[in-house]
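Below, chain A is the first sequence line, B the second, and so on; all start at residue 1. Excluded from the calculations below are hydrogen atoms, water molecules and symmetry mates; all remaining heavy atoms, backbone and side chain alike, are included.
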Protein chains: 4
Amino acid sequence: MTTTRKDNGRPRADARTGSSGGARRRAKGSTALASERREHLVKLAAELFAEKGYQATTVRNIADEAGILSGSLYHHFDSKESIVDEILTSFFDELATANQAALAKGGDPREVLSELVRICFGTLIPHRAAIMVLQNDWNYLKQFDRFDYLAKAEGETERLWVGQIERGQETGLFREDIDPKLTYRMIRDTIWVTVRWFQPEGRLDAEGLADHYIKVLFDGISRHR
Amino acid sequence: MTTTRKDNGRPRADARTGSSGGARRRAKGSTALASERREHLVKLAAELFAEKGYQATTVRNIADEAGILSGSLYHHFDSKESIVDEILTSFFDELATANQAALAKGGDPREVLSELVRICFGTLIPHRAAIMVLQNDWNYLKQFDRFDYLAKAEGETERLWVGQIERGQETGLFREDIDPKLTYRMIRDTIWVTVRWFQPEGRLDAEGLADHYIKVLFDGISRHR
Amino acid sequence: MTTTRKDNGRPRADARTGSSGGARRRAKGSTALASERREHLVKLAAELFAEKGYQATTVRNIADEAGILSGSLYHHFDSKESIVDEILTSFFDELATANQAALAKGGDPREVLSELVRICFGTLIPHRAAIMVLQNDWNYLKQFDRFDYLAKAEGETERLWVGQIERGQETGLFREDIDPKLTYRMIRDTIWVTVRWFQPEGRLDAEGLADHYIKVLFDGISRHR
Amino acid sequence: MTTTRKDNGRPRADARTGSSGGARRRAKGSTALASERREHLVKLAAELFAEKGYQATTVRNIADEAGILSGSLYHHFDSKESIVDEILTSFFDELATANQAALAKGGDPREVLSELVRICFGTLIPHRAAIMVLQNDWNYLKQFDRFDYLAKAEGETERLWVGQIERGQETGLFREDIDPKLTYRMIRDTIWVTVRWFQPEGRLDAEGLADHYIKVLFDGISRHR
DNA sequence: CATGAATGAGGTTTCATTCAT
DNA sequence: AATGAATGAAACCTCATTCAT
């Protein structure tokens with residue numbers, strides 16, 4: 001996972017070259033340093049993608065930011081797509097891991113759901129770019145086979161959430177008159193979409209946001225006696 | 001408002017065109033028919049923008065869909081921007097009008113807010129494209145001075161909603177421990193973002209969605225007593 | 001066959017666009033003129049391909065020759081590949097037709113073979129570029145699925161020739177101790193490869209070349225009795 | 001000839017390097033081993049050139065095949081050109097030597113010509129790559145001054161062959177009604193071009209091919225009484 | 001002897017837009 | 001109202017080559 005790679009770990013559908021492709025080894029020394037440079041570039045790209053959008057960010061923009069020529073980027077990455085892929089993969093991997101942990105920890109559905117919400121809000125700062133890209137450019141990216149895995153990952157997450165909501169209904173914790181799937185989607189969207197206006201330096205930090213949302217989510221905005 | 005126009009009625013801060021571009025409108029013959037053709041083209045463009053995104057949709061895509069050549073589109077529109085402008089303006093105009101009406105009708109904050117929510121969900125179908133563009137491409141479009149008016153309109157809407165929430169808190173209808181502005185944003189985002197997955201033919205129609213959401217919004221997902 | 005087209009008549013494997021692609025009609029008036037311009041460009045490209053090779057010729061080279069910008073070429077053609085495709089298709093179509101005609105005319109194998117040889121030499125001038133490209137760049141072009149049809153066409157031609165040689169052996173006209181397939185290949189290559197040095201203005205024209213070759217082919221270079 | 005060299009022994013008309021590049025050779029330690037490594041690399045490159053063509057083969061392809069990075073190739077070679085140069089030189093040197101030997105051996109023109117033909121076919125396997133490159137990429141390579149020597153070498157070979165054919169006509173061995181130069185070219189091309197489809201493991205080996213061709217060449221494909 | 005990073009030039013292609021007809 | 005040709009800028013990407021380490 002931390003080796004120097006150009007193909008982002010996923011198999012490429014590179015039909016044209018065909019022929020040999022035999023010798024692409026590399027395993028030597030400076031993996032760590034190479035990775036550092038690479039990660040730096042990814043970070044620069046991520047910021048630009050978040051700011052201007054994936055499509056509107058040119059590879060020259062990225063290269064300029066890094067102080068190199070656009071062609072030089074291709075020493076580190078296969079393509080513009082593979083940069084964004086790396087950003088998204090990193091996000092999804094971390095999210096999946098955290099979700100699994102929350103589930104493993106156990107607790108009643110309300111506790112689990114709270115934890116899941118907190119996890120989501122918790123990614124807002126470290127994975128701001130990934131979430132921004134997903135919000136703004138997913139519609140564009142989804143057309144490429146390369147990103148099919150994202151839809152799959154989202155499907156699994158949905159199952160996880162919906163499962164908890166249903167369990168909550170069965171155990172009498174949650175109202176019966178809400179649709180689990182619909183509710184999940186609204187929760188999900190409500191959280192992620194905050195990335196558009198959320199400012200870490202603002203009045204509320206991510207945790208504060210989470211608390212606020214959990215409050216509203218479970219009990220609504222009405223005053224209950 | 002219904003004349004054949006190329007400049008979309010709004011003054012543009014388009015430095016490039018300089019001073020000459022002022023008087024390009026026409027007043028010729030079949031205004032009505034021309035307008036019809038124009039609206040048809042806008043509708044085609046809207047669908048494409050919604051499907052593929054504004055940036056990813058080329059003027060050729062639009063022209064192809066209309067069965068004409070891309071250059072011919074410029075008979076009807078100044079630019080690609082002015083097409084999307086038209087789509088967005090139409091949406092915002094209608095929304096503002098409806099909002100004003102809801103306010104004028106009066107009622108307690110809970111009733112007004114319910115109505116505002118219903119209005120939002122009500123635009124999901126007729127203005128699907130505009131909302132989709134706003135969700136996916138706003139980050140890109142906002143960089144152009146031309147679309148500054150959208151941010152302004154949004155600001156006004158915010159004031160309107162926040163006002164109602166605050167009134168609800170003052171009159172004891174809503175909890176004191178929620179942040180009005182934050183709450184507004186979450187409501188707003190939650191509603192609009194549904195455009196991404198909402199399918200009119202699905203289990204729930206827009207009205208059903210609205211009912212569901214209002215339920216959760218006011219009372220949360222927890223079972224009370 | 002003579003309509004204005006960008007896709008060269010063959011289906012493209014354009015997976016990415018997917019979506020709509022509905023309206024690419026065109027059937028109107030100036031087909032003839034459009035075709036003229038297009039054919040002119042093809043001719044310019046053909047000359048360059050013949051002179052410098054397909055790979056070494058840039059679309060900018062072609063555009064320069066035509067006095068336009070490289071991007072403008074894409075108003076007429078899908079891609080550089082489709083230009084060369086057009087050149088090759090035109091050659092193969094004509095050759096296949098002529099071959100069929102020669103076969104239909106009948107005659108003993110020696111007569112038919114003579115005619116086939118003459119046909120090949122006859123294409124040397126009008127289809128110089130296509131033959132040159134086939135000689136020099138086929139190894140490169142064959143890797144693209146798009147050109148699979150060329151290999152198929154060549155296979156059919158081979159069957160045709162080999163059939164005649166075998167018939168010649170059966171009827172006692174040709175020696176039994178030659179391999180029909182091998183012989184065909186040598187004849188074929190010997191003819192086409194002349195395109196590298198053949199000069200229409202030289203001592204021998206294409207017909208002279210053909211006569212000379214037929215002489216050697218049937219009776220060898222030895223003096224017989 | 002066997003020293004480690006980067007400039008391939010031949011003076012380059014390479015204006016770019018200017019005056020400095022003259023003294024870059026090395027005379028250090030393991031000349032023999034270095035030479036071995038070098039030859040190995042040339043062989044790898046040769047295979048790729050033969051398979052994909054010179055232009056289409058990138059230095060990265062070659063480096064990949066060798067399991068090193070593309071930049072590392074420049075430790076062994078001046079440039080991509082000097083690699084192919086080495087391949088071609090080796091072929092031409094060997095061919096010239098063999099041709100001289102055939103001439104020195106003497107015999108009547110038919111015997112000499114047979115031997116020359118056999119020599120050509122004999123290079124098909126050991127110098128497959130060189131011949132392939134000459135067939136496919138000569139048109140491209142000839143534009144560089146560096147390869148002028150190839151045209152010169154070919155000129156000498158032509159004189160040699162044509163001389164034998166003319167001698168054969170004078171001595172009554174060959175028909176008078178064939179053009180010596182034309183005939184030479186056809187023989188030459190017919191032989192070399194087989195490299196495109198010749199498979200050592202196929203029905204006929206190189207010698208078999210030579211026999212077949214010599215048969216047809218001298219006596220034609222017709223049955224003579 | 002090799003790496004890893006970068007250069008710089010140039011490649012094909014895209015696309016909003018213009019304009020004479 | 002539309003065509004068809006072209007522009008011009010810019011996009012992504014490739015690749016031979018250089019060079020400090």
### Task
Kindly point out which of dA5(F), dA2(F), dT14(E) is positioned nearest to the side chain of Y74(C)?
dT14(E)
### Message
Testing the basics here: between G53(A) and N139(B), what is the closest heavy-atom pair and its distance to 0.1 Å?
### Response
N-ND2, 4.0 Å
### Query
Between R60(A) (CZ) and dT7(E) (P), how many Å, whole number?
14 Å
### Query
Where each residue is assigned the nucleotide of DNA chain E containing its nearest heavy atom, which of G71(B) and I68(A) is assigned the position nearer the 5′ end?
I68(A)
### Task
Could you pick out which residue, K80(A) or V59(D), lies toward the 5' side of DNA chain F when each is mapped onto its nearest nucleotide?
K80(A)
#### Entry: Presence of S72(D) side-chain N/O under 4.0 Å of dT3(E) phosphate oxygens OP1/OP2
yes
## Note on the structure
Considering only heavy side-chain atoms of L69(A), the closest of dA5(E), dC13(F), dT7(E) is dT7(E)
### Summary
In DNA chain F, consecutive runs of at least three Watson-Crick or G-U pairs below 3.5 Å, as range with range, amount to E:2-21 with F:2-21
#### Entry: Residue-phosphate contact under 4.0 Å: H75(A) side-chain N/O, dA6(E) OP1/OP2
no
### Query
With sugar-phosphate meaning primed atoms plus P, OP1 and OP2, does T58(B) contact a base, only sugar-phosphate, or nothing at under 4.0 Å between heavy atoms?
sugar-phosphate
#### Entry: Under 4.0 angstrom between R37(D) side-chain N/O and dA2(E) OP1 or OP2
yes
### Message
What I want to check is whether the side chains of K52(C) and N61(C) have a donor and an acceptor closer together than 3.5 Å.
### Response
yes
### Message
Using OP1 and OP2 only, check whether a side-chain N or O of H76(C) sits under 4.0 Å from dA6(F).
### Response
yes
### Task
For S70(C) and for L73(A), locate the closest nucleotide of DNA chain E by heavy-atom distance; then report the residue assigned to the nucleotide nearer the 5' terminus.
L73(A)
